[in-house]
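Written out below as structure tokens is the structure these notes cover.
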Amino acid sequence: MKRLFFILCAFSVALLGFGFYEAVFVAPVEATMGPVYRIFYWHVPINISAEVFPYVNMVASIAFLYFRRTRVALAEKLDALAIATAEVTVLYVGLGLATGMLWGRPVWGIWWAWDARLTSFLMLFLLYVSYLLVRRFSAGSQSAVVAAVLSVFAGIDVPIVFMSIRWWRTQHPAPVLTGEGSLDPSMWPAFLINMAAWFVWGVVLVWGRYAVVRREQVATEQIALQALEV
Amino acid sequence: MIYLRTVWLHLRKDLRLEWRSRDAIAGMLFFTLLVTVVFAMAFDPTGFPTLARQMSGGLLWVGLLFAATTALNISWERERRNQVLDAHRMSASPASALFLGKALANLIFVSVIELALAPVFAVFYNLHPLGEVRWLLLILPLGTWAIVVNGTFFAALGLNSRNRELMLPAALFPISIPALLGVVQATTGVITGDFEPQLWIRMLLGFDVIFTTACILLFPTVLHAE
Amino acid sequence: MIYLRTVWLHLRKDLRLEWRSRDAIAGMLFFTLLVTVVFAMAFDPTGFPTLARQMSGGLLWVGLLFAATTALNISWERERRNQVLDAHRMSASPASALFLGKALANLIFVSVIELALAPVFAVFYNLHPLGEVRWLLLILPLGTWAIVVNGTFFAALGLNSRNRELMLPAALFPISIPALLGVVQATTGVITGDFEPQLWIRMLLGFDVIFTTACILLFPTVLHAE
Amino acid sequence: MHPILKTMQTAPVPAPAVQVRIVSKLYGSFAALKRVSCTFAAGGFHVLLGPNGAGKSTLLRVIAGLITPSSGIVHLLGGDPLQRRDRIAYMSHAPMLYDELSAMENLRYFSRLQHPGANCDCTGSPEMALRAVGLDPTLTRPVSQFSQGMRQRVSMARALVGDPELLLLDEPFSNMDAAGARELVQLLLDFRTWPLAGAGGRTVIITTHQYELVSDVADSVVEMRAGSIVIPQAAAA
Amino acid sequence: MHPILKTMQTAPVPAPAVQVRIVSKLYGSFAALKRVSCTFAAGGFHVLLGPNGAGKSTLLRVIAGLITPSSGIVHLLGGDPLQRRDRIAYMSHAPMLYDELSAMENLRYFSRLQHPGANCDCTGSPEMALRAVGLDPTLTRPVSQFSQGMRQRVSMARALVGDPELLLLDEPFSNMDAAGARELVQLLLDFRTWPLAGAGGRTVIITTHQYELVSDVADSVVEMRAGSIVIPQAAAA
Ligand code: HEM
Ligand SMILES: Nc1ncnc2c1ncn2[C@@H]1O[C@H](COP(=O)(O)OP(=O)(O)OP(=O)(O)O)[C@@H](O)[C@H]1O
Ligand SMILES: Nc1ncnc2c1ncn2[C@@H]1O[C@H](COP(=O)(O)OP(=O)(O)OP(=O)(O)O)[C@@H](O)[C@H]1O
Ligand SMILES: [Mg+2]
Ligand SMILES: [Mg+2]
């Protein structure tokens, strides 16, 4: 297991590097925006990944709520997975916001606009920050349950983020990956490599955090056993 | 039937408690009045009628959201004092009835505030809505319910946590943003007459249905989370 | 000297309590972020930059007022729980020291919020103040103190149920309005550059002095009012 | 099922009302309950003793289902505590009453809550419960204006009004006057013999620091110390 | 002043610590205290008895200056209760502690509050007070996580730490274990003999429903019923 983890880790770093090379040196310059557009190769992969991890989090949370009384050991693992995915979600959504703002400043002239896509995405960020806050605020064994409940609500936001550019006219560009007027074929390789790279890196992060959280849980149990012996 | 009777039991209790102390209503009234007047003075709406029209929807709902937050905290604080909440956790009647009763009570409180505020608002902002006013009869209750149902739920989430008062807005605001957006836009549509509010109303309706269901389903878990 | 030491004792206790309910800082920061977002959502400031400039003074202070209200409620609720207030009423040290300590603690909390809020506010509202920004260094503390000193006092009025009628909006409302108006106008003056804020600052200063004195003199009466 | 087994089950030997099996409760690294096992027979009057901080309240709350134990199982009236909510009542240190309502209003609310389906003719019972604990049902003062002992009596009435099969009382006499406490012990003894639909009979578990009040009437005594049960000594559990 | 009068005042005849003169307290039309008159001698251990709702807590709060009587006068240590705040301490049903602070932090705060001018070397006494009531001063848990009885002990320590001349205790033993209660009675007896700057000596007034705990040591007993004092019977006040 550990071996596999490090292999995957190395693989994702290599992919990230390769993706960087492809995006900066290989991919063609875009017609209207010039070189600034290259942020695209990070912005879109990061943001698509940022919409996947919340779902993992939500599924783990629902399963946790379901099993928490009947299968305690499994529930603990699910909870660890929920923590890991929530943290990675905050990281990815944060990066997505940052890349978006960095892109928006030269292209739109402002850092921020209150359109449906940006707002709903900011909401996703806030929801997961509040998820982490709630975990710290609430006491003891209850925090996991409360956070899991919150995660279900956060999950409802993800489809809104996804559909926002289809439902509303936004400042943010309309879909380019699907439908007509889509991406030039020469841009696909760089995009796909970056997509894979960022996704795998996210998986590695989740895995790593999961292992750490599990270790903490086991350590707490150990302390508990000692407390009972005294 | 029995379920409804239990809801009514909780609702009546909450109304009676509020009637005895009048905490929540007084606090809300104060706050919303303050917001209305401060904005009116800060910004001179009679001088700029178009701008006033554009922003008054937002003002109204942000004021109500804050006011509702206060009311929600008070309404759960009552259950916490003397640990009455333990009695509810021990009781055999369905937990969601407690939730519904409280949400309905809060709906009534916030509606009272709205009714009291509406004339003040119209006068201070010198408002003559240019759209179809009767849509407001749909928008106000739907928007209020959206705020209240989520608020009641998330205030309950924080019941056992350390800084409760902060947790309510921390969890509530991000979630209610779509509803808030919908209701503000719909209201603005009615007041300015620039666009039809139907789309937003439909969105609001969807939001209400989804979140009410989710809250009712999840409330027992929240209440019994140790 | 002894008086100051007592004030410091109370202040330190309040800070420690706040610190104990750990993560308070994180919670507050997040909370203010949310307030800003909710306001921005409701008004779309990037769409209407002039309007945004005109409104932002009011928005800022209403947001702070709301944050302060929450902080004040929390801070007195702590004294009420377990009837610690009785201990204060029994204690030999001057009652006004308790008041000052608490008001200072709240001043610190709200100031921390302001510092965190300022940059976020500027980005989200796309603000470039057109007036003399350095005036803000005077306006912010004066306005914050005005809100906090009155808020602490009036929140204390509501502590005993017997006095609650006094806390009704009718009483509290006219008192806080001038301060809020002054600070909103001064801030708007700085942001829009339309007029000089000095007049409003002088008014604010007068208000602060008068009300601080009045609150300190009257607080013992409030505390010992059965 | 084998017919002999069946006979044994239906025999009137009282099944235990509460079974606590190797229950532990940890707060951080502090163990409030350490592998506690005990059984309370149905129809009995059981007393839980122990010095301050021994874990009596914690055990009672675990039995009531208000605290989920860190490990171990509680069986209650032959099932899961969470499924038996309508048949148990719990009275804690805190009165669990709404300050602004009068005693009758509080009781009426809680009795309706416990029996949502009941018709209105059951509303006689809050009055009876109040009289039983020695209070005047016509008092319209809100309970926040009651004296400490009166509030505790109302709280006791709240526990009784649900007509429970299992009654968990956490220091019910702590603020009551001596005469009142004796009357209430008598009331609890009577309570156990009230008619009951199910078999087994009503069970009372109380914690108290005034053992002399209940020493004559207790069917069993459990003594705790630092999170463990010291009397009766565990055989080989 | 006439020299003879002066001699009489400085004579070691204990002046009364508390004098209550025809005090009534009305809540609306309900009289919680009805023309109560009584005197508590300085240096004594006085016990206030009576059934629930008799008005004991009300009387104690009137003496403490927390309730202004509707009519009548209270004299305390030879003056107005409001002027004597630094010399009296009161412990009520509620613990009067900050939930989030540990026991030591609570005590340190309240002792500083009571003696704002004192130097820092008095900080030894919170530890002593905690030890005296049988708690470990090194516990860092916030008091909200203490058991009911432990909280009551901290509350008692809070009352003692101000080094008061007059100690008013409202049912201090209600949630304490029997052994602890006996120890605390002993502590209170010792407390009365602590050295004191002023004359007269330290006075303790307590209410309790466990008379057997204090029957041997009480210097005087006052019994109340329905807002009036029934023992000792008023001569012709
Ligand atoms: C703070 C500002 C921004 C945020 C928060 C943001 C957020 C997002 C998100 C969440 C996606 C997810 C895509 C999906 O659901 O499939 C996305 C995609 C995309 N973004 Fe942005 N964005 C921002 C700024 C920009 C700017 C300035 C541009 C370019 C002018 C841009 C261009 C795109 C494009 C082309 C896509 C791919 C759309 C698709 O085909 O799905 N974004 N953005
Ligand atoms: N939430 C909590 N967090 C940490 N420790 C706790 C918590 N609740 C209780 N404890 C600890 O558990 C121990 C047992 O508490 P419990 O209330 O059960 O005692 P008890 O036997 O009821 O005492 P008492 O007679 O004083 O009421 C105490 O040491 C207490 O400090
Ligand atoms: N704020 C109030 N408003 C109205 N009535 C009150 C108020 N406070 C106390 N009372 C009433 O005064 C009477 C005496 O109350 P008090 O608390 O003094 O009794 P007590 O002797 O201490 O009783 P216990 O032994 O139960 O503590 C009670 O009948 C009570 O209901
Ligand atoms: Mg206990
Ligand atoms: Mg009393």
For [X], is it the side chain, the backbone, both, or neither that has a heavy atom closer than 4.5 Å to a heavy atom of chain D?
X: E/F30; answer: side chain
X: E/S147; answer: side chain
X: E/Q210; answer: side chain

Could you grab the distance from atom [atom1] of [X] to atom [atom2] of [Y], nearest 0.5 Å is fine?
X: E/N175; Y: D/E171; atom1: CG; atom2: CD; value: 4.5 Å
X: D/R151; Y: E/N52; atom1: CZ; atom2: CG; value: 11.5 Å
X: E/Q148; Y: D/S174; atom1: CD; atom2: OG; value: 7.5 Å

When only pairs under 4.5 Å are counted, which of E/M150, E/K56, E/H93 shares the most heavy-atom pairs with chain D?
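Answer, by heavy-atom pair count under 4.5 Å with chain D: E/H93.
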As an exercise: rank D/R153, D/R141, D/E212, D/Q152 by heavy-atom pairs under 4.5 Å with chain E and give me the winner.
D/R141
Is the count of non-hydrogen atoms from other residues, nucleotides or ligands lying under 6.0 Å from E/R35 atom CZ greater than 12?
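No.
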